[in-house]
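Just so you know, ligand 1 is whichever comes first in the structure, and atom 1 is the first atom listed for that ligand.
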Amino acid sequence: MYQNNNPKILIIDDIAENIKVVANVLKKHNFNISFAKSGANGIEKVKKIQFDLILLDIMMPEMDGFEVCRLLKKDIKTKDIPVIFLTAKTDEMSLKKGFETGGVDFITKPFKSSELIARVNSHIQLKLVQEQLKKTNEEIQLANENKDKLLSIIAHDLRNPFSVLIAFSKLLVDSYDEFSKEDVMIYIKSFYQTSKQGFSLLDNLLKWSKSQTGKMEITPERLDLNDLVEETVTLLNSQALNKNIKIRNKVPKNIFAFADLNMTLTVLRNLISNAIKFTNSKGKVSVFGERNKKQIKIIVTDNGVGIDASDIKKILRIDIKHSTSGTVGERGTGLGIILCKEFIEKNNGEFVIESKPGIGSKFSFTLPKIEKND
Ligand SMILES: Nc1ncnc2c1ncn2[C@@H]1O[C@H](COP(=O)(O)OP(=O)(O)OP(=O)(O)O)[C@@H](O)[C@H]1O
Ligand SMILES: [Mg+2]
């Protein structure tokens, strides 16, 4: 009836014969049984092994069952393990005290096997359901926090480009005749820039939320990293030429990853375009590749402006928007690196940022190596 491991039950009783009787019944139902002959010994065992349920005798010398239960319920690590008292004491006072110390049930000695099994099963089931509920709650809370972050970005950053577009286009509509052709052109150019910026923010937000909700499909395939870097460098070359920056593709030709094509291209595009953006004219951007037994590693380096240690942490947080302008005023959404890290981790890789202000930055990531044809 239990899908995972057999539930672990601890019997604490000072009389060996009692332990034997209970253990014999439970063993027939595939429970994993441990025992302790005193309260102190029982508590010691509970600290070492994660039990699913404890059957506890009340009348024991030195430390009685009530005291054992009280101590277990005081400790955050053991408080959630259900305790059933196994006892001959069934007077009103004992029942009251047992429940008050945190016990969930009583089984009276001498007991019927079927009653013991039924009660043990129902409390273990209850514990499993509670654990599942706790896990689901934590997942809901995380999803909710992500939703809040997303909404706050939408509220703050996506509002801006729209306000600019609305204000300027209204001005044009209302007073078109008062503007020269050149002025109109300036406005139209700024519409283009602003809407492009707004669109890339929206696009990044959608990619991020899709990836958060697990709706992004990942289709790993054989990727030739030298080819992909070459393709990205060609795409970004005019941006680099404008700033007189040289991009070198130093990725060896024999490096193949097993990862999603579009996600890997997005990561390369973000990292190489950042390197260009945050490097001064005549700077250098290089992309290296390495491989070991299991993984490939791609490293994008630049000798640009670098990043403060305190800002590196901010770059990876969706709730703190950290975006600075490039060396010639290029603007961004501040979501690029967050997406890179997310995509690499989704493809079972690791993403690392190293940077020194004034010296340059090094962004690296690993991906699983292709297993076939290698
Ligand atoms: N190679 C780099 N050198 C120096 N700073 C960098 C580099 N890459 C990223 N940064 C810093 O990290 C910030 C966040 O980078 P990220 O790529 O997430 O956003 P962005 O480049 O501002 O916007 P987008 O990627 O949407 O164009 C940048 O604004 C910049 O301050
Ligand atoms: Mg970027």
Side-chain touch Asp13/Leu56, heavy atoms, less than 4.5 angstrom: no
Any side-chain heavy-atom pair of Lys362 and Ile299 under 4.5 Å: yes
Is a side-chain donor-acceptor pair under 3.5 Å present for [Y] with [X]?
X: Lys147; Y: Asn144; value: yes
X: Ser38; Y: Asn41; value: no
X: Arg248; Y: Ser286; value: yes
X: Lys346; Y: Ser211; value: yes

Between ligand 1 and the protein, tabulate every N or O atom pair separated by less than 3.5 Å, reporting distance only.
from     : atom 1 : to     : atom 2 : distance (Å)
ligand 1 : 1 (N)  : Asp302 : OD2    : 2.9
ligand 1 : 3 (N)  : Ser361 : OG     : 3.3
ligand 1 : 8 (N)  : Asn274 : ND2    : 3.3
ligand 1 : 17 (O) : Asn274 : OD1    : 3.2
ligand 1 : 17 (O) : Asn274 : ND2    : 2.8
ligand 1 : 18 (O) : Gly336 : N      : 3.1
ligand 1 : 18 (O) : Ile337 : N      : 2.8
ligand 1 : 19 (O) : Gly334 : N      : 3.4
ligand 1 : 21 (O) : Asn274 : OD1    : 2.9
ligand 1 : 21 (O) : Lys277 : NZ     : 2.9
ligand 1 : 22 (O) : Ser323 : OG     : 2.6
ligand 1 : 23 (O) : Thr333 : N      : 2.9
ligand 1 : 23 (O) : Gly334 : N      : 3.0
ligand 1 : 26 (O) : Thr333 : N      : 2.9
ligand 1 : 26 (O) : Thr333 : OG1    : 2.3
ligand 1 : 27 (O) : Lys277 : NZ     : 3.2
ligand 1 : 29 (O) : Thr324 : N      : 2.8
ligand 1 : 31 (O) : Thr324 : OG1    : 2.5

Total protein N/O/S atoms whose distance from the Mg ion (ligand 2) is less than 2.8 Å: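 Protein heteroatoms (N, O, S) closer than 2.8 Å to the Mg ion (ligand 2) number 1.
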Axial cation check for Phe288 ring with Lys297, 6.0 Å and 45° limits: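 Lys297 over Phe288 ring: no.
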Electrostatic pair Lys96:Glu100 at N-O distance under 4.0 angstrom: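 Here Lys96 pairs with Glu100 in a salt bridge, since their nearest N and O are under 4.0 Å apart.
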side-chain contact (heavy atoms from CB on, under 4.5 Å) between Glu67 and Asp64, intermediate numbers included: CA-CA 6 Å; Glu67 181 61 8; Asp64 70 6; 3.4 Å; yes
